[in-house]
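Scroll down for the structure; my scribbles are underneath it.
Side-chain atoms are counted along with the backbone in the values below, which use heavy atoms only and exclude waters and symmetry mates. Here is how names work: the chains are called A, B, and so on, in the same order as the sequence lines, proteins then strands, and each is numbered from 1.
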Number of protein chains: 2
Amino acid sequence: MTLILKICQLESGEACVNKKQQQAEQTKKKIADAARALFAQKGYKATAIEDIVKAAGCSAGNIYYHFKNKEGLFVYLLEDWNREWDRTWLVKEKQYLTTTDKLYGMAEYLALDQMSHPLTKAADEFFNNAEKAPEVEERINEMVQGYIEFNRRLLQQGIDNDEFAIKNVSSLAIILDSLLLGLSQHSRRMEREEALEAYRLAMDVFLQGIARRIR
Amino acid sequence: MTLILKICQLESGEACVNKKQQQAEQTKKKIADAARALFAQKGYKATAIEDIVKAAGCSAGNIYYHFKNKEGLFVYLLEDWNREWDRTWLVKEKQYLTTTDKLYGMAEYLALDQMSHPLTKAADEFFNNAEKAPEVEERINEMVQGYIEFNRRLLQQGIDNDEFAIKNVSSLAIILDSLLLGLSQHSRRMEREEALEAYRLAMDVFLQGIARRIR
DNA sequence: CATTATACTGAACATTTATTCAGTATAGGT
DNA sequence: ACCTATACTGAATAAATGTTCAGTATAATG
């Protein structure tokens, strides 16, 4: 119960060289990985805790030791995904000069992420499922707000750079997200190249739709 | 077992003056109405057959007499909704002269239908749910194809009228559907006026995006 | 009136599955 | 060496719920 222990607990995970905690983090990751793969393959509802137990090679109780419940486990995976996305995007963003290019880049990245990232389908299932704890509902609302805010900033950049001539940035941020959200669902019925093409074209239309007119 | 009886059975419903069949149609409708209201209120999964039984005031077995199963009941409601939409749209369409106006009209109508029509949320839940019988999956694919085909024809009209200058009509039909699909999900978090405004703006952007350029 | 097909009942069934909890093992601290 | 908190076990629980089916009522039929 020393100060050092306290600090040690505050730092999440790998920084602390404690054999027990290290092992715990590892099994938590093992559970998360197994769960992610299964949710991706079978969907949220269709994946039973029992399935995760088998795949992760641990007990059911252990899952509930590391996560509050099934919902909590899924939300953890979503947040993990968001974190990863932010991190990768922050790097990728630098290679684009104009906001227009950023948007095209985002579309391309989303198309590929959507294809490669398995959780999208389960996420849509989860988002659209009515039975959620109020706190989870709230957390999802925050996530959605986050996506829109992300778009809003990007669009505002484009306005500041005189690339777009629009007024209602907030509304357009929602429209952009709608477009991408709908596309993510349709792209599930497409091949990789087809999806990529669809995302590009969608962005063409959107950008033309908000571009500076000549007159 | 006369010819008249056979014809009578072929005509669905009210045309036939048979007390028993009439009553049967009526209870089927009562079940459908109760189910629609409950699915709308609580979602697909969260609505138990038991709930429908109570609301419709009939037995569980009766539901399975009129519908194959829970999925079948829901698909019936979806198809009913589609039929109704087509019918209403066919009338409404006539008041618009240009394809552009038709699209605005569709957006407005969709925004209001989305708001007023309760099934949308449950439909999204159902569509995104992974556990579906293969035949149901197939039926859903057909529905989606139907929506896209609807868009495709509308866009083709616009091209024929020289309102738009686009080539890849099929792809744009998907993009339009994506936009509307995503919007339907976001509009659930909006007030009526806000949703209407969003749909209008979305159509502004889309139309500007595919409009004839000056050069 | 008798027969039959249709419409309907509702209790029982079968299965699935998230969650808990009493108990065990062990690493870390003292 | 002893103690304690942490990590983990896995069988039992408990509730939900879609679906069936043997049986009943009744309108149509001949």
Next item on the list: Grab the CD-P distance between A/Q23 and C/dT26 for me, whole Å please.
Entry: 11 Å

Notebook entry, point to check: For B/K42, what residues pass the salt bridge (charged side-chain N to carboxylate O under 4.0 Å, His left out) criterion, not counting sequence neighbours?
Noted result: B/D51

Margin query: I need the full list of side-chain hydrogen bond (donor to acceptor under 3.5 Å, both in side chains) pairs touching residues 168-177 of chain B, with sequence neighbours left out, sorted by first then second residue.
Written below: A/H186-B/D177

Margin query: Tell me the interatomic distance from A/Q21, atom CD, to C/dG29, atom C1', rounded to whole angstroms.
Written below: 13 Å

Checklist line | 5' precedence on DNA chain C between A/G61 and A/Y44 (nearest-nucleotide basis) | finding: A/Y44

Next item on the list: Return the set of residues passing side-chain hydrogen bond (donor to acceptor under 3.5 Å, both in side chains) with A/R152 (not counting sequence neighbours), or none when no residue passes.
Entry: A/E149

Margin query: Using a 4.0 Å cut-off on heavy atoms, which residues in residues 65-72 of chain B reach DNA chain D? List them by number, or say none.
Written below: B/N69, B/K70

Check: Does OP1 or OP2 of D/dA28 have a side-chain N or O of B/N18 closer than 4.0 Å?
Finding: yes

Next item on the list: Would you please name every residue forming a side-chain hydrogen bond (donor to acceptor under 3.5 Å, both in side chains) with B/K45, sequence neighbours left out?
Entry: none

Item checked: d(CD, A/E131; P, D/dA16) in whole Å -> 11 Å

Next item on the list: Enumerate the residue pairs fulfilling side-chain hydrogen bond (donor to acceptor under 3.5 Å, both in side chains) with a member in residues 120-129 of chain B, sequence neighbours excluded, ordered by first and then second residue.
Entry: B/D124-B/R188

Check: Between C/dA18 atom C1' and A/F39 atom CZ, what is the distance in whole Å?
Finding: 12 Å

Check: Is the shortest side-chain N/O distance from A/Y64 to OP1 or OP2 of C/dT19 below 4.0 Å?
Finding: yes

Note to self: I need the CG-P distance between B/N62 and C/dG10, as an integer number of Å.
What the structure shows: 10 Å

Next item on the list: Check DNA chain D against residues 45-60 of chain A and give the residues with a non-hydrogen atom under 4.0 Å, in numerical order.
Entry: A/C58, A/S59, A/A60

Check: Taking the side chain of B/A24 as heavy atoms from C-beta outward, which of C/dC8, D/dA28, D/dT20 is closest to it?
Finding: C/dC8

Next item on the list: Send over the distance from B/I63 CD1 to D/dT17 P, rounded to a whole Å.
Entry: 14 Å

For residues 53-68 of chain A, tabulate all N or O donor-acceptor pairs below 3.5 Å that involve a side-chain atom, not counting sequence neighbours.
residue, atom, partner, partner atom, Å
A/S59, OG, A/N62, N, 3.2
A/H66, NE2, A/T27, OG1, 3.3
A/K68, NZ, A/E135, OE2, 2.7

Next item on the list: Would you tell me if any nitrogen or oxygen in the side chain of B/T27 comes within less than 4.0 Å of OP1 or OP2 on C/dC8?
Entry: yes

Checklist line | Nucleotide C/dA27, atom P - distance to CD of A/Q22 in whole Å | finding: 13 Å

Item checked: SB check A/K29 A/D33 (cutoff 4.0 Å) -> yes

Check: For B/F126, what residues pass the ring-ring contact (aromatic ring centres under 6.0 Å, His included) criterion, not counting sequence neighbours?
Finding: B/Y44, B/F74

Check: Roughly, in whole Å, what's the span from CD in A/Q26 to P in D/dT6?
Finding: 20 Å

Next item on the list: Decide if the gap between the ring center of B/Y147 and the ring center of B/W85 is smaller than 6.0 angstrom.
Entry: no

